[in-house]
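Below: the structure, in structure tokens.
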Amino acid sequence: MRLLVFFDLPTETSRDRREYTRFRKFLVKNGFIMMQESVYSKIILNNTAGDALKENVRRNKTQGGIIQMLTVTEKQFANIEYVAGKRQTEIVDSDERFVLL
């Protein structure tokens, strides 16, 4: 499963920009991968892990703007249609297990 986080945050004042940066860094620190400028995704094991992660995002929300979350299955995620551009292959973005010895 994947948790997708979409956000549109104001960046008009210095406080807005600080909150935007703090929220974005929170997502990256918690393992989210940027799909587009304000769209991040993370692989989750099950609904329980997803619910905990959603609650963590709620606790780190900003004062203004809009933040949305959507959970999709891997099959649904694999059906993304690229209308323009292409899939980034240099980013490890799959549910395959990675073991480094």
Side-chain angles (χ1 to χ4, degrees):
M1 295 176 56
R2 301 265 177 155
L3 179 61
L4 302 174
V5 176
F6 311 88
F7 58 93
D8 186 13
L9 304 177
T11 56
E12 292 150 7
T13 67
S14 60
R15 180 175 183 234
D16 290 342
R17 287 187 292 277
R18 273 194 309 273
E19 283 200 13
Y20 173 91
T21 302
R22 181 194 57 78
F23 183 71
R24 190 188 157 287
K25 285 182 178 181
F26 157 77
L27 291 175
V28 171
K29 182 179 177 183
N30 282 277
F32 283 86
I33 297 171
M34 184 172 70
M35 295 176 60
Q36 291 183 14
E37 188 171 331
S38 295
V39 180
Y40 284 72
S41 73
K42 181 177 178 170
I43 296 174
I44 53 177
L45 297 175
N46 53 38
N47 283 328
T48 304
D51 291 342
L53 188 56
K54 286 179 188 178
E55 184 57 35
N56 203 8
V57 171
R58 285 185 198 102
R59 281 195 305 268
N60 286 279
K61 71 182 186 309
T62 60
Q63 294 292 334
I66 183 169
I67 300 171
Q68 299 167 305
M69 295 182 283
L70 174 67
T71 304
V72 296
T73 65
E74 282 302 307
K75 187 173 183 178
Q76 291 168 327
F77 186 81
N79 286 330
I80 290 176
E81 180 179 341
Y82 291 87
V83 178
K86 60 182 180 177
R87 182 182 207 123
Q88 296 180 1
T89 57
E90 67 273 0
I91 296 175
V92 177
D93 191 16
S94 71
D95 62 347
E96 295 177 18
R97 298 202 182 258
F98 177 73
V99 178
L100 180 64
L101 300 176

On a heavy-atom basis, which atom in G31 and which in K42 lie closest, and how many Å separate them? O-CG, 3.8 Å
Which of L4, L27, V39 passes side chain to side chain contact (heavy atoms under 4.5 Å, CB included) with F32? It is L27
I'd like to know if I66 and L3 are part of one continuous hydrophobic network [Ile/Leu/Val/Met/Phe/Trp/Tyr, side-chain heavy atoms within less than 4.5 Å]. no
Distance col, row S41:OG vs Q36:CD, nearest 0.5 angstrom, shows 11.0 Å
Minimum heavy-atom separation for P10 to G64, with atom names? CD-C, 3.9 Å
With a 4.5 Å cut-off on side-chain heavy atoms, are F26 and V57 touching? yes
Who are the side chain to side chain donor-acceptor pair (under 3.5 Å) partners of N47, not counting sequence neighbours? none
All pairs passing ring pair (Phe, Tyr, Trp, His ring centres under 6.0 Å) where residues 44-64 contributes a residue, at least two apart: none
Tell me, do D16 and L9 make a side-chain contact under 4.5 Å, heavy atoms counted? no
Close side-chain approach of Y40 and N30, heavy atoms under 4.5 Å: no
Heavy-atom closest pair, residues M35 and I80: CE-CD1, 3.8 Å
Value rounded to 0.5 Å, distance of CZ in F23 from OG in S38: 9.5 Å
Which residues share a side chain to side chain donor-acceptor pair (under 3.5 Å) with T73, sequence neighbours left out: Q76
Residue pairs passing the ring pair (Phe, Tyr, Trp, His ring centres under 6.0 Å) test with at least one member in residues 42-69, sequence neighbours excluded, are none
Which pairs with one or both residues in residues 17-33 pass salt bridge (charged side-chain N to carboxylate O under 4.0 Å, His left out), sequence neighbours excluded? R15-E19
When you compare the side chain of I43 with that of E74, does any pair of heavy atoms fall below 4.5 Å? yes
Give me each pair satisfying side-chain hydrogen bond (donor to acceptor under 3.5 Å, both in side chains) with a member in residues 51-60, each pair once, sequence neighbours excluded. K54-T71, E55-R58, N56-R59, N56-N60
Exercise: identify the closest heavy-atom pair between E37 and F7: O-CZ, 4.3 Å
